[in-house]
Structures are given as C-alpha cells and as structure tokens.
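Some notes on the structure that comes next.
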Amino acid sequence: MRLSRYFLPVLKETPSDATIVSHRLMLRAGMIKQEAAGIYAWLPLGFQVLKKIEQIVREEQVRAGAVELLMPTLQLADLWRESGRYDDYGQEMLRIADRKKTDLLYGPTNEEMITDIFRAYVRSYKALPLNLFHIQWKFRDEVRPRFGVMRGREFLMKDAYSFDIDEASARKAYNRMFIAYLNTFARMGLKAVPMRADTGPIGGDLSHEFIILAETGESQVFCHKDLVEMGAPGANVDWDNLQGLVDQRTGLYAATEEMHDQARFEAEVPDASRLSARGIEVGHIFYFGEKYSKPMKAVVAGPDGVEKPVHMGSYGVGVSRLIGAIIEASHDDNGIIWPDSVAPFDVQLINLKTGDAACDSACQGAYEALTKAGKAVLYDDTDDRPGAKFATADLIGTPWQLVIGPKGLAAGEVELKRRATGEKTSQSLDAALNRLTA
RNA sequence: CGGGGCGUAGCGCAGCCUGGUAGCGCAUCUGCUUUGGGAGCAGAGGGUCGCAAGUUCGAAUCUUGCCGCCCCGACCA
C-alpha cells in the first residue's frame with residue numbers, strides 16, 4: 001500500500017478526550033474515530049488490526065474444536081423472556097421496537113439465541129459434544145463508557161457456547177477453551193493469566209477470567225509470579241485430555257480484586273513470588289450447566305432414552321478490547337509497538353527523498369520484492385520530510401522500518417529498523433530484503 | 001446513577017468574569033526555498049461560537065431549558 005493512496009489520518013496533537021495511552025494512540029494513529037460515547041468507526045489501520053486479531057481468535061477456536069456460525073445483532077425480546085433475562089438485564093440492554101411494535105433488543109450476548117438454535121435441531125446425545133461460536137458486534141449500554149475501545153458500548157466479541165451431556169463432559173469442553181485461550185493470547189504477544197472468577201449462583205470452580213497485566217489495567221489482580229511466565233501449551237496437545245495442563249495453571253494462586261483473599265495469598269505464595277498488579281480482562285470462560293437449557297427446554301435424549309437438559313458453558317473474548325489491551329502492554333513514548341502477529345503492516349518502507357530517481361527506483365524495487373514475498377508493506381511515498389515520516393512510522397508501530405535515502409544509497413546501503421527495540425542496522429538493500437523475507 | 005467539568009475553524013486552545021468588528025498555534029491550499037528525526041518565508045481559505053428560548057439598541061460573553069461529550073466513583077467482555 002502506498003501511503004499517498006491510503007487513508008491514514010494521523011494526529012500530531014492528542015485529542016483532549018483521550019486519557020489512557022491506548023485510546024490516545026489509537027486516535028493519533030488514525031485507527032478509530034469516535035462517533036458517540038463508546039461507539040467508534042474503525043478506520044483502515046484500526047480495521048486491519050481488528051481483522052488480524054479476529055483471525056487469530058478464530059483459528060484457535062477452530063483448532064480447539066469449535067464450529068463457527070453467525071448470529072444476528074438484533075434479537076427478539078420473547079427469547080429473553082423465556083430465560084427471564086429480559087426483565088433482569090436492566091438498562092444495559094438496548095431495547096428497540098420495530099414498526100410492528102415488536103420488542104427487539106441489540107444483543108449484549110447470545111446464550112438465549114444459541115440455545116434456541118440448539119434446541120431447534122439437536123435431540124440426541126450422539127450430536128454432542130458441540131461447541132458453536134461466532135464473532136459479532138455486541139451492544140451494552142454501559143452507564144459510563146470510557147478508555148476508548150477498552151470499554152465501549154459497541155464492541156466486537158467472540159462468544160462460544162458448549163453443549164454437553166453431563167458435567168464431566170462439559171468440563172472437558174471447558175478445558176479445551178481454557179487451553180485455546182492461552183494459545184490465543186500468546187499468539188498476540190500477550191501474557192494472559194487465568195484467574196478464578198465468581199461463579200455466582202451456579203457455583204463450582206468452572207469460571208476463569210483471562211487477565212493481561214498492564215499498568216493502566218482496570219482492576220487490581222494478585223497472583224503467583226510463575227503463572228505469568230508459564231507460557232502457552234501450544235497447539236500440539238492432547239485435546240481430549242487437558243486436565244493436567246489446566247490443573248497446572250489453576251494450581252497457583254491467582255485472583256482478581258473481587259475474589260482476592262489476602263490471608264490465603266500470603267499463606268499459599270512465598271513473599272518473593274507474590275505479584276500484585278493491574279490487569280485487563282480480555283477473556284472470560286464460564287460453565288453454567290442447565291441455566292438456560294432448563295427454562296428454554298433444550299433437551300437431548302441420553303443413551304437410556306431419557307431426555308435431559310444439556311449442560312452448557314460460554315466463552316467470551318473481547319476482540320475489539322484486545323486492541324486496546326495490546327497497545328497498553330506494548331508501546332513507548334513514540335507510539336505503538338505492534339507484535340508481528342497483529343501488526344496492520346509488516347514493513348514500513350520509507351523513501352527519504354521522494355522524487356529522487358535513485359530513491360524512487362530503489363524503493364519501488366523493494367516494494368515489489370517484499371509484496372511478492374507476501375509481506376504487507378506500507379510504502380511512505382509522500383513528500384513529507386524525513387522526520388515526519390519517522391515519526392509517523394514509530395507512531396503507527398509497524399514492526400520493521402526499511403529506510404532508503406540518498407546518502408545511504410550512495411554508499412550502497414539502506415537502514416533497517418526494528419520498532420520494538422529501536423535497533424538500526426545499515427546493510428545492502430538485498431541483505432535487508434533477505435532479512436525481511438527470511 | 002451520584003459528584004465534577006467541558007462544548008468557539010479539521011485538531012489543541014484563548015476570548016466569557018467586566019456584552020460592542022471572533023482570535024492564536026498546528027493542520028489545509030498557493031508560491032519559493034528546503035529534505036537523514038514532526039522545515040523556513042510570503043500569501044490564502046475555513047467558524048449560524050452545541051441547540052433553543054429569554055434579557056438587551058446589541059449576546060461567544062448574562063439568564064433558563066435541552067442536547068452532546070469527558071473525568072472521578074459505584075458497575076461491566
């Protein structure tokens with residue numbers, strides 16, 4: 001992509017509305033534009049990142065055995081009356097009436113609808129286990145949206161729903177999502193820590209929030225240091241037998257503010273290993289048994305022919321929120337530092353003197369070579385001054401900057417800069433291209 | 001939803017107290033010079049001062065109402 005033909009409205013000055021760093025940088029980098037409180041338009045650069053994140057989430061869901069579908073944003077209120085949540089959900093639910101005065105709502109979540117889909121087709125235990133997910137926009141009319149996309153009213157969310165014949169089987173479904181989440185966040189360059197979450201009226205031990213640590217996190221979290229560095233198990237695991245891996249990650253103390261027990265923390269975790277930090281919730285998994293299947297009569301016949309409500313769980317990932325979370329965890333004074341896996345472009349090609357025949361031709365060659373090698377290149381072919389180009393490149397956080405200028409070319413060299421470390425190396429253009437396409 | 005604050009050019013702000021020709025910086029456009037870390041000079045364009053009533057000869061400025069947005073708190077993917 002040539003920058004001169006792209007749409008990248010970067011801001012030199014910080015919009016006064018933004019207070020936290022991710023919000024500020026997303027606005028400055030031309031990723032989003034606020035349209036209303038907690039509602040954002042995704043500009044090309046932001047949209048690109050959103051799609052990258054979405055795709056990673058999708059791939060890891062599929063790997064864990066979930067099947068993708070897509071449910072609508074608007075739902076019938078009657079469905080929610082069946083579960084009793086239409087009246088319980090409160091002001092956060094955006095209620096709408098159509099021209100026939102039918103009560104609708106903009107979905108804040110999809111348990112009712114997925115249960116409705118399930119019960120319409122599934123009658124037998126033989127169809128289980130089943131895990132269906134979609135990635136769709138949700139709306140929650142938050143009292144106080146803030147922090148940009150970290151807490152918007154409209155947000156993109158991946159939600160998966162598992163269906164099992166009994167709790168033992170549901171636990172396996174839960175474990176698959178548990179591991180899938182670790183892998184998902186690791187692929188985005190994040191260290192996510194699973195923490196016990198409140199199971200509410202359902203009870204049990206099957207609810208975890210996945211928290212990434214960042215100074216500007218919304219809540220205080222406490223955990224054993226080793227948990228942070230434990231890393232993700234990766235794709236090559238026995239997906240039918242994950243209890244050991246899960247136990248390993250739930251064995252150490254980890255709790256958010258609400259669940260924190262200082263006495264237990266001090267008893268279980270040695271002084272030197274205690275970590276108290278701020279965290280951002282990027283995922284939440286939950287087993288809720290028959291909560292919806294029972295009132296909504298989503299039943300399957302077991303091997304004995306007896307019909308029983310299915311056991312369900314739901315598993316959410318805040319896709320749009322993740323962008324904010326990643327930036328909170330990865331930036332410096334100059335701008336965003338994208339992990340390679342989610343970067344909107346792989347390489348920013350900077351022509352220091354557009355119009356100079358040697359620079360133009362070297363850049364054009366590099367652009368074509370990189371593009372041919374499958375790299376997403378943002379070619380800064382504008383006639384801005386070098387300083388402005390460097391500033392823009394640092395701001396939008398492209399992992400690699402390939403800098404080509406007249407002085408370097410005269411010496412047979414170009415400069416390659418790694419955004420994350422700031423390390424710059426001079427080398428021949430060929431060597432730089434080899435490095436980038438290796 | 002409680003408390004606080006803001007709405008003036010695309011962005012950041014001054015002007016409001018004490019009513020009288022709407023300003024500054026950045027950005028934009030034109031020209032010239034410049035080109036390795038957000039260039040310089042000269043010129044130009046761009047605003048029903050959030051909306052609506054009211055007070056007044058006269059309202060960005062005073063009064064009232066409404067709308068929008070932000071921050072702190074309580075609450076959430």
Side-chain angles (χ1 to χ4, degrees), chain A residues 9-20 23-24 27-28 30 33-39 57 89-93 107-111 135-160 181 192 197-198 200 207-212 218-219 256-258 279-286 314-325 333-335 350-356 359 380 382-395 401 403-411 413-415 417 422 424 426:
Chain A
V10 298
L11 305 175
K12 210 156 153 184
E13 289 176 279
T14 301
S16 59
D17 284 353
T19 52
I20 68 161
H23 189 195
R24 226 161 43 215
L27 289 168
R28 287 198 51 214
K33 178 186 182 298
Q34 179 166 327
E35 292 297 338
I39 299 177
V57 170
Y89 215 91
Q91 292 287 303
E92 283 195 359
M93 187 155 74
T109 179
N110 286 63
E111 279 84 5
I135 299 173
Q136 177 64 291
W137 292 93
K138 306 280 192 292
F139 194 92
R140 291 182 193 171
D141 200 356
E142 296 280 348
V143 199
R144 193 185 156 209
R146 62 182 122 173
F147 304 151
V149 300
M150 295 251 286
R151 189 166 167 198
R153 290 193 291 173
E154 187 185 49
F155 56 97
L156 187 61
M157 181 177 171
K158 184 286 299 182
D159 39 328
Y181 275 33
D198 192 2
S207 180
H208 286 87
E209 291 179 358
F210 287 75
I211 305 281
I212 69 159
E218 59 208 323
S219 59
T256 58
E257 241 163 335
E258 309 84 62
I280 301 168
E281 182 184 349
V282 290
H284 194 162
I285 60 179
F286 199 46
S314 73
Y315 315 89
V317 169
V319 175
S320 47
R321 161 179 282 199
L322 268 167
I323 299 186
D333 289 346
N334 295 325
I350 299 178
N351 186 339
L352 286 182
K353 193 167 184 180
T354 304
D356 176 273
C359 288
D380 191 340
T382 63
D383 49 15
D384 280 338
R385 298 169 65 84
K389 295 189 177 190
F390 292 136
T392 297
D394 285 350
L395 174 63
Q401 296 172 20
V403 182
I404 300 182
K407 289 180 191 169
L409 280 184
E413 286 182 339
V414 299
E415 185 181 279
K417 174 177 164 181
K424 300 177 199 171
S426 287

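Numbers restart at 1 for each chain; the letters A, B, ... are given by sequence-line order, proteins then strands. Because the structure is predicted, anything quoted here is derived from the model rather than measured.
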If I pick the [atom1] atom on [M] and the same atom on [N], what distance separates them, to the nearest angstrom?
| N | M | atom1 | answer |
| --- | --- | --- | --- |
| G25(B) | G20(B) | P | 22 Å |
| G50(B) | G68(B) | P | 16 Å |
| U56(B) | C13(B) | C1' | 30 Å |
| A60(B) | A9(B) | C1' | 14 Å |
| G47(B) | U34(B) | P | 35 Å |
| G4(B) | A74(B) | C1' | 15 Å |
| C17(B) | U33(B) | P | 49 Å |
| C26(B) | A42(B) | P | 12 Å |

**Study point:** Asp159(A) bridged to Lys138(A) by N-O distance under 4.0 Å
**Key:**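 So Asp159(A) pairs with Lys138(A) through a salt bridge.
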Review point. Do Arg144(A) and Glu142(A) sit within salt-bridge range, that is, some charged N less than 4.0 Å from a carboxylate O?
Key: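 A salt bridge is absent here (no side-chain N lies under 4.0 Å from a carboxylate O).
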Practice item. Establish, with yes or no, whether the OP1 or OP2 oxygen of G38(B) is under 4.0 angstrom from a side-chain nitrogen or oxygen of Lys12(A). Key: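 So the side chain of Lys12(A) is outside the cut-off, no N or O lying under 4.0 Å from OP1 or OP2 of G38(B).
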Point to revise | Under 4.0 angstrom between Arg385(A) side-chain N/O and A39(B) OP1 or OP2 | key: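 Yes, Arg385(A) has a side-chain N/O under 4.0 Å of OP1/OP2 on A39(B).
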Base, sugar-phosphate or nothing for [X]? Non-hydrogen atoms, less than 4.0 Å.
| X | value |
| --- | --- |
| Glu209(A) | nothing |
| Thr109(A) | nothing |
| Asp159(A) | nothing |
| Thr19(A) | sugar-phosphate |
| Arg28(A) | base |
| Lys33(A) | nothing |
| Gly152(A) | base |
| Ala36(A) | sugar-phosphate |

Now, which nucleotide makes the Watson-Crick or G-U wobble pair with [N], with each of the two distances under 3.5 Å?
| N | value |
| --- | --- |
| C41(B) | G31(B) |
| C24(B) | G12(B) |
| C69(B) | G5(B) |

Review point. Between Glu281(A) and Ala391(A), which is nearer to the 5' end of RNA chain B once each is assigned its nearest nucleotide?
Key: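 The residue mapped nearer the 5' terminus is Ala391(A).
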Exercise for review: Assign each of Gly38(A) and Gly316(A) to its nearest nucleotide of RNA chain B by heavy atoms, then name whichever residue's nucleotide is nearer the 5' end.
Suggested key: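 The residue mapped nearer the 5' terminus is Gly38(A).
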Of all the nucleotides listed ([options]), which has the minimum atom distance to the side chain of [X]?
| X | options | value |
| --- | --- | --- |
| Ser16(A) | G12(B), A74(B), C69(B) | G12(B) |
| Glu92(A) | A77(B), C75(B), G12(B) | C75(B) |
| Arg144(A) | A74(B), G36(B), C69(B) | A74(B) |
| Lys417(A) | C75(B), C1(B), G37(B) | G37(B) |
| Glu13(A) | G38(B), A74(B), C11(B) | C11(B) |

Point to revise | Whole angstrom value for the distance that separates P of A27(B) from CG of Leu27(A) | key: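 Roughly 19 Å, once rounded to whole Å.
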**Study point:** Interatomic distance where CD belongs to Gln34(A) and P belongs to G10(B) [whole Å]
**Key:**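 After rounding, the gap between these two atoms is 17 Å.
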hbond_proxy [X] side chain to [N] base (donor-acceptor, 3.5 Å cutoff):
| X | N | result |
| --- | --- | --- |
| Asp384(A) | G38(B) | no |
| Arg151(A) | C75(B) | yes |
| Lys424(A) | G37(B) | yes |

Review point. In terms of side-chain heavy atoms, does Ser314(A) have a donor or acceptor partner in Glu111(A) at a distance below 3.5 Å?
Key: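 Result is yes, a qualifying pair exists.
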**Study point:** Ala325(A) versus Val282(A), closest heavy-atom pair with distance
**Key:**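 Nearest pair, atom of Ala325(A) first, then Val282(A): CB-CG1, 3.8 Å.
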Review point. Minimum heavy-atom separation for Pro145(A) to Gly38(A), with atom names?
Key: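 So the minimum-distance heavy-atom pair works out to CB-CA, 3.7 Å.
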**Study point:** Partner of Lys389(A) by side chain to side chain contact (heavy atoms under 4.5 Å, CB included), out of Val403(A), Asp394(A), Thr354(A)
**Key:**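 When Val403(A), Asp394(A), Thr354(A) are each tested with Lys389(A), the side chain to side chain contact (heavy atoms under 4.5 Å, CB included) holds only for Thr354(A).
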Practice item. Check whether the aromatic ring of Phe390(A) stacks on the base of G36(B), taking stacking as ring centres less than 5.5 Å apart and planes within 30° of each other. Key: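 Phe390(A) ring does not meet the centre or angle cut-off for G36(B); no stack.
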